[in-house]
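Working notes for the structure below.
Just so we're on the same page: letters track the sequence lines, and every chain starts at 1.
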There are 2 protein chains.
Amino acid sequence: MSSPNSDTRTRILESAWKLLEADTGGTVRMSDIARTAGVSRQAVYLHFPKRADLLTATTRYLDEVNDMDARLAKSRSSQDGIERLDAFIEAWGGYIPQIYGVAKALLAMKDTDVEANIAWTNRMQAVREGCEAAIKALADDGQLTSSMTQTQATDTLWTMLSVRNWEQLTRDCGWSQDQYMDFTRRAAHRVLLTV
Amino acid sequence: MSSPNSDTRTRILESAWKLLEADTGGTVRMSDIARTAGVSRQAVYLHFPKRADLLTATTRYLDEVNDMDARLAKSRSSQDGIERLDAFIEAWGGYIPQIYGVAKALLAMKDTDVEANIAWTNRMQAVREGCEAAIKALADDGQLTSSMTQTQATDTLWTMLSVRNWEQLTRDCGWSQDQYMDFTRRAAHRVLLTV
DNA sequence: TGTAAACTTGACGCGGTGTCAAGTGATGAA
DNA sequence: TTCATCACTTGACACCGCGTCAAGTTTACA
């Protein structure tokens with residue numbers, strides 16, 4: 001508990017991640033995570049008082065491990081509007097598979113648990129800001145379609161890039177990650193760019 | 001129980017509908033439904049053994065009340081591909097608000113309850129078939145973009161018309177139903193039609 | 001008058017989250 | 001050397017929803 005990255009804490013986060021990633025149908029329980037971390041159920045509660053805490057900590061842990069900041073920084077570096085849009089789609093769309101397990105669990109709690117709702121909303125708000133910046137870059141370059149306001153365009157991109165859309169296309173429709181990325185980029189161009 | 005539409009049964013369905021429609025945050029419990037139907041909790045179980053049964057029965061009830069068949073029939077009558085696409089978007093997109101409450105509850109159970117999962121999947125499969133027919137009509141008229149197979153186009157339309165997309169745009173982004181419909185139609189055209 | 005269907009009442013089991021209290025075993029400071 | 005503290009364990013318990021069960025009550029109708 002003292003050190004923010006104690007051994008046990010990391011093992012719990014790692015276990016949560018693995019279980020959620022592999023999640024087949026049934027929900028992952030606190031006791032499951034404890035067991036695969038080789039630790040008592042109460043030890044988990046010692047580090048993460050609520051289930052939602054553990055889940056959000058897991059997303060932060062994943063961000064760290066996957067160096068999400070670097071990915072996003074790269075997407076911000078492009079100058080040209082379209083390049084920037086593509087870079088953002090690449091960055092976020094490519095990251096979804098990494099966090100899908102945890103995201104799913106958080107989404108499932110969202111409707112009943114306030115804390116989970118807040119955590120998820122914050123996270124999605126961050127993504128939205130990325131969308132907003134990309135749209136602004138597009139508008140500044142005169143490449144944004146005239147049929148939408150910037151806000152509407154942001155909403156649109158944000159929705160196209162939602163985890164649920166990724167889920168439907170790759171899980172329910174069986175698309176590969178490459179197909180998903182190709183399609184999303186093309187669709188975004190068709191919907192957002194001037195003709 | 002004897003008559004498939006006994007008074008009590010209908011009152012339960014009606015209550016479920018109202019509560020789910022008005023659902024603010026917390027889940028609607030079996031006891032809530034019983035109470036507002038003016039009936040004991042067990043009476044509910046007498047008619048609907050499982051929660052999932054009640055929810056699916058509620059969707060069927062809504063289909064009946066809203067005459068969903070008629071809506072869909074109308075969308076099938078158009079001959080021209082684009083007209084048919086628009087009619088289908090109109091029919092389904094306009095119906096989502098009616099079923100959103102129940103749909104949300106069913107979606108929430110989907111991951112933990114097999115029966116709910118099956119019910120939801122069936123329902124979405126029916127929608128997918130509508131998409132498929134619209135895409136086929138488009139292809140037959142030579143109006144479908146050459147950059148996708150018919151299956152991919154169907155997946156795309158189906159995803160655009162998902163309840164979760166409707167939810168994100170109207171709930172999270174605050175779009176009106178009209179804005180949603182307008183946008184969806186235009187976006188579908190941009191993505192699916194030949195240029 | 002009797003019986004059966006529809007519903008009520010009140011109790012219980014189950015699974016999962018979260019809490020609590022007492023105990024154990026290492027580490028480190030006096 | 002001893003004693004305190006920290007990180008963890010053990011086992012119990014409360015709470016909440018769902019779903020079940022058994023024994024009533026009411027209404028209808030034969």
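- Nearest to the side-chain atoms of A:Ala43 among the listed nucleotides C:dT19, C:dT9, D:dT9 stands D:dT9.
- The distance from atom CG of A:Asp7 to atom P of D:dC8 is 9 Å, rounded to the nearest whole Å.
- Side-chain contact annotation: A:Gln152 with B:Trp175, donor-acceptor N/O pair under 3.5 Å absent.
- With rounding to whole Å, A:Phe48 atom CZ is found 14 Å from D:dA7 atom C1'.
- No hydrogens or angles were tested; on distance alone, a donor-acceptor pair under 3.5 Å links the side chain of B:Gln42 to the base of D:dT20.
- Distance CG (A:Leu54) to P (C:dT17): 11 Å, rounded to an integer number of Å.
- Note that the CG atom of B:Leu106 and the OG1 atom of B:Thr121 stand 9.0 Å from one another [nearest 0.5 Å].
- Atoms CG (B:Leu55) and P (D:dG19) sit 10 Å apart, rounded to a whole Å.
- Here C:dG18 is the nucleotide among D:dG19, D:dA7, C:dG18 with the atom lying nearest to any side-chain atom of A:Arg51.
- One can place CZ of A:Arg35 at 17 Å from C1' of D:dT10, the figure rounded to the nearest angstrom.
- From one end of the helix from C:dT1-D:dA30 to C:dA30-D:dT1 to the other, with five pairs defining each end axis, the axis direction shifts by 30° (rounded to 10°).
- Between the P atom of D:dG17 and the CE atom of B:Met109 lies a distance of 15 Å, rounded to the nearest Å.
- Rounding to the nearest 0.5 Å places CD1 of A:Ile135 at 4.5 Å from CG of A:Leu192.
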Criterion side-chain contact (heavy atoms from CB on, under 4.5 Å) on B:Glu167 and B:Ile96, from CA distance to verdict: CA-CA 9 Å; B:Glu167 181 180 43; B:Ile96 297 179; over 6 Å; no

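- The base of D:dG17 does not come close enough to the side chain of B:Arg41 for any donor and acceptor atom to sit less than 3.5 Å apart.
- Rounded to an integer number of Å, the gap from NZ of A:Lys50 to P of C:dG16 is 19 Å.
- For A:Arg29, whose side chain is taken as the heavy atoms from C-beta onward, the closest listed nucleotide among C:dG18, D:dG17, C:dT17 is C:dT17.
- Dashed line: the shortest gap from a side-chain N or O of A:His47 to OP1 or OP2 of D:dA7 is not under 4.0 Å.
- In this structure, B:Leu46 atom CG and C:dA5 atom C1' are separated by 10 Å, rounded to whole Å.
- With no hydrogens or angles considered, a side-chain donor-acceptor pair links B:Ser147 and B:Thr145 at under 3.5 Å.
- Side-chain proximity of A:Tyr45 to C:dC7, C:dT19, D:dC8: nearest is C:dT19.
- For B:Asp86 and B:His189, the side-chain atoms include at least one donor-acceptor pair closer than 3.5 Å.
- Ion pairing between A:Asp140 and A:Lys136 holds under the 4.0 Å rule for side-chain N and carboxylate O.
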